[in-house]
Enquirer: 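Sending over a structure as structure tokens; questions will come in a sec.
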Amino acid sequence: MSTEGGCPPAVVATSAAAARSLRLPPPGFHPPQPRRRAAAIKGAHCLPFRSPFAKGPWEGVRLCSSRGGSSLAPSRGRDGRAPRRLWARCTAAPLCGGSLLWWRDAGAAALVMGGAYSLVLCFDVLTQRDLIDPCNDEGCMSSSRCRNIEEGKLKVDVSDPPGIHLIVKRGGQKLSRKIVHVLSGILFMSSWPIFSSSIEARFFAALAPFVNCLRLTVYGLSLVTDEGLIKSVTREGKPEELLRGPLYYVLVLMFCVLVFWRDSPVGVTALAMMSGGDGIADIMGRKFGAARLPYNNRKSWVGSICMFTFGFFVSMGMLYYFASLGYFDLDGLESAKKVALISLTATLVESLPFTDVLDDNISVPLSSMLMGSLLFG
Ligand SMILES: Nc1ccn([C@@H]2O[C@H](COP(=O)(O)OP(=O)(O)OP(=O)(O)O)[C@@H](O)[C@H]2O)c(=O)n1
Ligand SMILES: C/C(=C\CO)CCC[C@H](C)CCC[C@H](C)CCCC(C)C
């Protein structure tokens with residue numbers, strides 16, 4: 001934990017003799033401090049510090065000037081003054097603010113990891129309770145019908161979407177997978193403000209994608225099995241699928257959080273394109289994408305239009321969210337033009353027939369990051 005620039009270390013008089021030699025008041029002696037003096041001490045030790053990484057909404061309410069200093073405003077008594085014990089502890093111990101931040105970041109990381117686990121679990125339960133239907137590229141069928149066919153109680157007939165028997169056989173759950181794809185990125189970004197403004201915060205935030213990365217690797221290599229995870233995030237119910245799209249996805253989350261964090265629009269737009277844009281393009285394209293693109297039979301006009309539109313609006317929404325919390329400045333129309341260009345680039349890249357060579361979860365964020373770095377600098 002960093003304590004640079006923190007409050008000066010407390011000199012503790014351990015005995016009356018030591019106190020005398022240091023010309024300090026004896027232990028236990030607390031001379032009354034006039035308000036102006038208290039304010040001067042406060043000014044000397046605890047000027048609000050502006051770290052190059054700290055752009056949070058809590059800027060300027062910090063007690064101590066360390067990067068790892070407390071970001072909590074002191075709770076005030078009825079007379080409007082900060083309680084002396086808390087204040088004394090903070091000015092006396094350079095580590096106290098840092099450890100407060102550490103606990104806050106550790107709590108936030110635990111909350112996000114819990115959220116990630118619950119999200120996947122929730123979609124597993126929804127699929128099992130027939131609330132999300134299994135789909136393939138040609139359509140969807142009700143989960144209960146799917147299960148009856150799977151259990152041999154019913155047979156696939158002509159009214160079922162073509163090729164649905166493959167889905168039934170392999171337990172494909174494309175819709176739940178795509179909803180998890182859309183929500184993970186958006187909810188993950190939305191959680192960033194709960195982390196502190198210390199420089200270590202991004203590493204705590206990266207814990208959730210890191211843990212999920214390990215989880216996907218362990219289950220993808222079939223070292224352990226977790227049917228819920230496999231059903232919620234794979235296309236055909238095969239464990240090795242976890243090592244492709246989902247693994248790339250969490251690696252991109254980790255990369256963006258560590259490299260760009262919430263201080264830069266570049267990472268935010270790249271994640272919005274990957275989660276919002278690409279995810280919704282897929283859902284809508286499968287449902288309404290009869291008219292295919294002339295140069296790629298696997299992608300449709302509807303899918304690409306949705307990719308552009310949702311990529312744009314999700315990015316703008318996330319940018320406004322972070323700008324309104326004070327992480328960066330946003331100049332309305334200029335930013336909208338830049339985001340439109342990024343969306344267009346990501347949409348074009350996503351529509352190219354390269355999916356088999358380079359997964360969309362890599363090509364879309366990568367092209368958005370390149371374009372974003374050029375435009376946002
Ligand atoms: N611009 C787009 C993107 C996707 N789709 C629809 O979404 C499906 C999945 O697209 P894609 O992500 O490229 O396929 P895969 O990578 O094979 O699927 P997944 O993302 O589920 O791994 C396509 O078959 C298509 O029906 C579309 O119509 N238009
Ligand atoms: C199905 C996916 C990609 C395929 O294109 C996405 C897989 C998602 C992961 C298994 C779960 C990722 C969770 C995030 C790291 C954190 C989400 C936090 C939030 C608060 C819910």
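Order of appearance sets the numbers: ligands from 1, and atoms from 1 within every ligand.
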Enquirer: When rounded to the nearest 0.5 angstrom, what is the spacing between OG in Ser368 and CD1 in Ile342?
Expert: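 Reported to 0.5 Å precision, the distance equals 7.0 Å.
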
Enquirer: Nearest protein heavy atom to atom 16 (C) of ligand 2, by residue and atom, and its distance?
Expert: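 Of the protein heavy atoms, Ala116 CB, 3.7 Å lies nearest.
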
Enquirer: Quick one: does Lys287's side chain get under 4.5 Å of Ile283's, heavy atoms only?
Expert: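 Result no, sub-4.5 Å side-chain heavy-atom pair not found.
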
Enquirer: Where on Asp282 is there a heavy atom closer than 4.0 Å to ligand 1, on the side chain, on the backbone, on both, or on neither?
Expert: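 Both the backbone and the side chain of Asp282 come within reach of ligand 1.
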
Enquirer: In the structure I gave you, are the side-chain heavy atoms of Arg215 and Asp226 within less than 4.5 Å of one another anywhere?
Expert: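 Contact flag for Arg215/Asp226 side chains = yes.
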
Enquirer: Evaluate the criterion salt bridge (charged side-chain N to carboxylate O under 4.0 Å, His left out) for residue pair Glu241 and Arg244; output intermediate values, then yes/no.
Expert: CA-CA 5 Å; Glu241 282 180 65; Arg244 296 196 294 270; 5.1 Å; no

Enquirer: Going by the order shown, which atoms of ligand 2 are within less than 4.0 Å of some heavy atom of Gly115?
Expert: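 The atoms of ligand 2 under 4.0 Å from a heavy atom of Gly115 are 21 (C).
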
Enquirer: When you measure from atom 5 (O) of ligand 2 to every protein heavy atom, which one gives the shortest distance, and what is it?
Expert: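 Looking at atom 5 (O) of ligand 2, the protein heavy atom closest to it is His181 ND1, 2.8 Å.
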
Enquirer: Against heavy atoms of Arg177, which atoms of ligand 1 measure under 4.0 Å?
Expert: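 Atoms satisfying the 4.0 Å criterion: 19 (P), 21 (O), 22 (O).
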
Enquirer: Within the structure provided, determine whether Ser304 and Leu293 are in side-chain contact (heavy-atom separation under 4.5 Å).
Expert: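 Yes, close enough: below the 4.5 Å cut-off.
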
Enquirer: What part of Met284, side chain, backbone, both or neither, has a heavy atom within less than 4.0 angstrom of ligand 1?
Expert: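 None of Met284 does.
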
Enquirer: For Asp360, which part has a heavy atom under 4.0 Å from ligand 1: side chain, backbone, both, or neither?
Expert: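 The answer is the side chain.
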
Enquirer: If I take atom CZ from residue Phe288 and atom SG from residue Cys306, how far apart are they, to the nearest 0.5 angstrom?
Expert: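 One finds 8.5 Å between CZ of Phe288 and SG of Cys306.
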
Enquirer: Considering heavy atoms of the protein only, find what lies nearest to atom 9 (C) of ligand 2 and give residue, atom and distance to 0.1 Å.
Expert: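 Answer for atom 9 (C) of ligand 2: Val250 CG1, 4.0 Å.
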
Enquirer: Do Trp192 and Val268 come within less than 4.5 Å of each other through their side chains, counting heavy atoms only?
Expert: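 Yes, at least one pair of side-chain atoms sits under 4.5 Å.
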
Enquirer: Which protein non-hydrogen atom lies closest to atom 14 (C) of ligand 2, naming both residue and atom, and how far is it?
Expert: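 Looking at atom 14 (C) of ligand 2, the protein heavy atom closest to it is Leu253 CD1, 3.8 Å.
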
Enquirer: Compare all side-chain heavy atoms of Met369 with those of Phe260 and state whether any distance is below 4.5 angstrom.
Expert: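 Yes, close enough: below the 4.5 Å cut-off.
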
Enquirer: Supply the atom-to-atom distance Arg292 CZ to Trp301 CH2, rounded to the nearest 0.5 angstrom.
Expert: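 It comes to 13.0 Å.
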
Enquirer: Decide, yes or no, whether a salt bridge links Asp263 with Arg202 under the criterion of side-chain N to carboxylate O below 4.0 Å.
Expert: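 Yes, Asp263 and Arg202 are salt-bridged.
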
Enquirer: Could you tell me whether some N/O pair between Asn361 and ligand 2 is separated by less than 3.5 angstrom?
Expert: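 Looking only at distances, the answer is yes, because the N/O contact criterion of under 3.5 Å is met.
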
Enquirer: At a 4.0 Å cut-off, with the gap strictly under it, does some heavy atom of Pro246 reach an atom of ligand 2?
Expert: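 Heavy atoms of Pro246 do come under 4.0 Å of ligand 2.
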
Enquirer: Could an N or O of ligand 1 be found under 3.5 Å from any N or O of Lys299, whether backbone or side chain?
Expert: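 There is such a contact, yes.
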
Enquirer: Looking only at non-hydrogen atoms, which of Met307, His181, Glu350, Arg244 approaches atom 1 (N) of ligand 1 most closely?
Expert: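 Nearest option to atom 1 (N) of ligand 1, by heavy atoms: Glu350.
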
Enquirer: Kindly compute the distance separating CE (Met113) from OG (Ser118), expressed to the nearest 0.5 Å.
Expert: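 One gets 12.0 Å once the value is rounded to the nearest 0.5 Å.
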
Enquirer: What's the shortest distance from atom 8 (C) of ligand 2 to any protein heavy atom, and which residue and atom give it?
Expert: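 Answer for atom 8 (C) of ligand 2: Ser184 OG, 3.7 Å.
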
Enquirer: Under a 4.0 Å heavy-atom limit, does Leu183 contact ligand 2 with its side chain, its backbone, both, or neither?
Expert: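 Near ligand 2, Leu183 shows nothing, with every heavy atom at 4.0 Å or more.
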
Enquirer: Any idea which atoms of ligand 1 are less than 4.0 Å away from a heavy-atom of Ser304?
Expert: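 Here the atoms of ligand 1 in question are 1 (N).
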
Enquirer: Look up atom OG in Ser184 and atom CE in Met274, then write down how far apart they are to the nearest 0.5 Å.
Expert: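 Answer for the OG-CE pair, Ser184 versus Met274, is 8.5 Å.
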
Enquirer: When only distance counts, is Tyr249 in polar contact with ligand 2, meaning an N/O pair under 3.5 Å?
Expert: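 Between Tyr249 and ligand 2 (N or O atoms, distance only) the closest approach is not under 3.5 Å.
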
Enquirer: How close does the nearest protein non-hydrogen atom get to atom 18 (C) of ligand 2, and which residue and atom is it?
Expert: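 In this structure, atom 18 (C) of ligand 2 has Val112 CG1, 3.9 Å as its nearest protein heavy atom.
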
Enquirer: Check each atom of ligand 2 against the heavy atoms of Pro209 and keep those under 4.0 Å away; list them by number with element.
Expert: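 Atoms satisfying the 4.0 Å criterion: 15 (C).
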
Enquirer: Quick one: does Tyr249's side chain get under 4.5 Å of Leu216's, heavy atoms only?
Expert: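 Heavy-atom side-chain distance check fails, nothing below 4.5 Å.
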
Enquirer: Less than 4.5 Å apart, side chain to side chain, heavy atoms only: is that true for Met318 and Pro265?
Expert: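 No - every pair of side-chain heavy atoms lies 4.5 Å or more apart.
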
Enquirer: Taking the minimum heavy-atom distance to atom 28 (O) of ligand 1, which of Cys306, Ala291, Ser351, Ser300 ranks first?
Expert: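 Residue with the shortest heavy-atom distance to the ligand atom: Ser300.
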
Enquirer: Students should be able to answer this: which protein heavy-atom is nearest to atom 19 (C) of ligand 2, and at what distance?
Expert: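 Here the nearest protein heavy atom works out to Leu187 CB, 3.8 Å.
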
Enquirer: Please could you name the atoms of ligand 1 that Arg298 approaches to less than 4.0 Å, counting only its heavy atoms?
Expert: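 So the atoms of ligand 1 that pass are 14 (O), 15 (P), 17 (O), 23 (C), 24 (O), 25 (C).
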
Enquirer: Give the atom numbers and elements of ligand 1 that come within less than 4.0 Å of a heavy atom of Arg292.
Expert: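 That gives atoms 25 (C), 26 (O) of ligand 1.
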
